[in-house]
Amino acid sequence: MRRFPTGVTIVTTVDEGTLYGFTANAFTSVSADPPMVLICVNREASAHPIISRSSIFCVNILSSTQTEIAKRFADRARRADRFSEVSTHAAITGAPVIDGCLAYVDCRLAEEHTAGTHTVFIGEVLGSGANAGSPLGYFDADYRDFGLEVGAG
Ligand SMILES: Cc1cc2nc3c(=O)[nH]c(=O)nc-3n(C[C@H](O)[C@H](O)[C@H](O)COP(=O)(O)O)c2cc1C
């Protein structure tokens, strides 16, 4: 898997006003009509039971300027202060969208499948948005700037 280049996302959710989020690259599209995506989440991740309970999640695709956010949301020691210096606004589902991300995909949980240590959460896409910029990449266990650029829209 180290030889498979990916983008980097922050999967967010919310429960009774408390925001949760973690860094994830196990994210892919599933279906175009209806629009559906999947994420694979370790059952030990603090957001795992929250996604099951709230039935909502938002996948924030990071821009190349957001490496610090990716590191912070993958650091278990920083679970409590992850959102303290990150500006967000609520998506349609109420899950937080990280301001300045390259794009986001806001989902209602549709299916849940157990596989090994992880759960595959399949979400129906209720909303999405995109900004101009360049993606944060991940390859050979390190964050990368793939040198790609995309305009708005
Ligand atoms: C680049 C990268 C990609 C990751 N992808 C995933 C993923 O797809 N699913 C997952 O469950 N954890 C993934 N992780 C690990 C979680 O981000 C990490 O375990 C995090 O601490 C879990 O959240 P928690 O501390 O709130 O439990 C990834 C970590 C990195 C650095």
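All values below come from the heavy atoms of this structure, side chains included, with hydrogens, waters and symmetry mates left out. Quick caveat, the model's predicted, so the values are computed rather than measured. Indexing begins at 1, ligand by ligand and atom by atom, following the structure's order.
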Novice: Does the N or O separation between A26 and ligand 1 drop below 3.5 Å for any pair?
Specialist: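 N/O-N/O distance below 3.5 Å exists for this pair.
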
Novice: Measure from atom 24 (P) of ligand 1 to every heavy atom in R79, R76, E44 and give the option owning the shortest one.
Specialist: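 The nearest heavy atom belongs to R79.
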
Novice: With atom 29 (C) of ligand 1 as the reference point, say which of N42, L136, I10, T23 has the nearest heavy atom.
Specialist: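 The residue whose heavy atom sits nearest atom 29 (C) of ligand 1 is T23.
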
Novice: So, for F22 and F73, is the gap between ring centers shorter than 6.0 Å?
Specialist: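 When the ring centroids of F22 and F73 are compared, they turn out to be at least 6.0 Å apart.
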
Novice: Among all the protein's non-hydrogen atoms, which is closest to atom 26 (O) of ligand 1, and how far away is it?
Specialist: S46 OG, 2.5 Å

Novice: Tell me the protein heavy atom at minimum distance from atom 3 (C) of ligand 1, and give that distance in Å.
Specialist: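 Nearest neighbour among protein heavy atoms for atom 3 (C) of ligand 1, to 0.1 Å: N25 OD1, 3.4 Å.
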
Novice: Rounded to the nearest 0.5 Å, what's the gap from SG on C107 to CD1 on I122? Could you check?
Specialist: 11.0 Å

Novice: Atom 9 (N) of ligand 1: which of A80, G137, C40, A70 has the nearest heavy atom?
Specialist: C40

Novice: What are the atoms of ligand 1, with element, lying closer than 4.0 Å to any heavy atom of R82?
Specialist: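 Near R82, the atoms of ligand 1 are 21 (O), 23 (O), 24 (P), 25 (O), 26 (O).
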
Novice: Does R144, at its CZ atom, have more than 12 non-hydrogen atoms belonging to other residues, nucleotides or ligands within less than 6.0 Å?
Specialist: yes

Novice: Between D99 and H89, is there a side-chain donor-acceptor contact under 3.5 Å, judged purely by atom types and distance?
Specialist: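 A pair is found: one side chain offers a donor N or O, the other an acceptor, under 3.5 Å apart.
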
Novice: Quick one: look up the protein heavy atom nearest atom 23 (O) of ligand 1 and list residue, atom name and how far away it is.
Specialist: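 Its nearest protein heavy-atom neighbour is F22 CB, 3.4 Å.
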
Novice: Which of the atoms in ligand 1, numbered in the order shown and given with their element, are less than 4.0 Å from a heavy-atom of Y143?
Specialist: 31 (C)

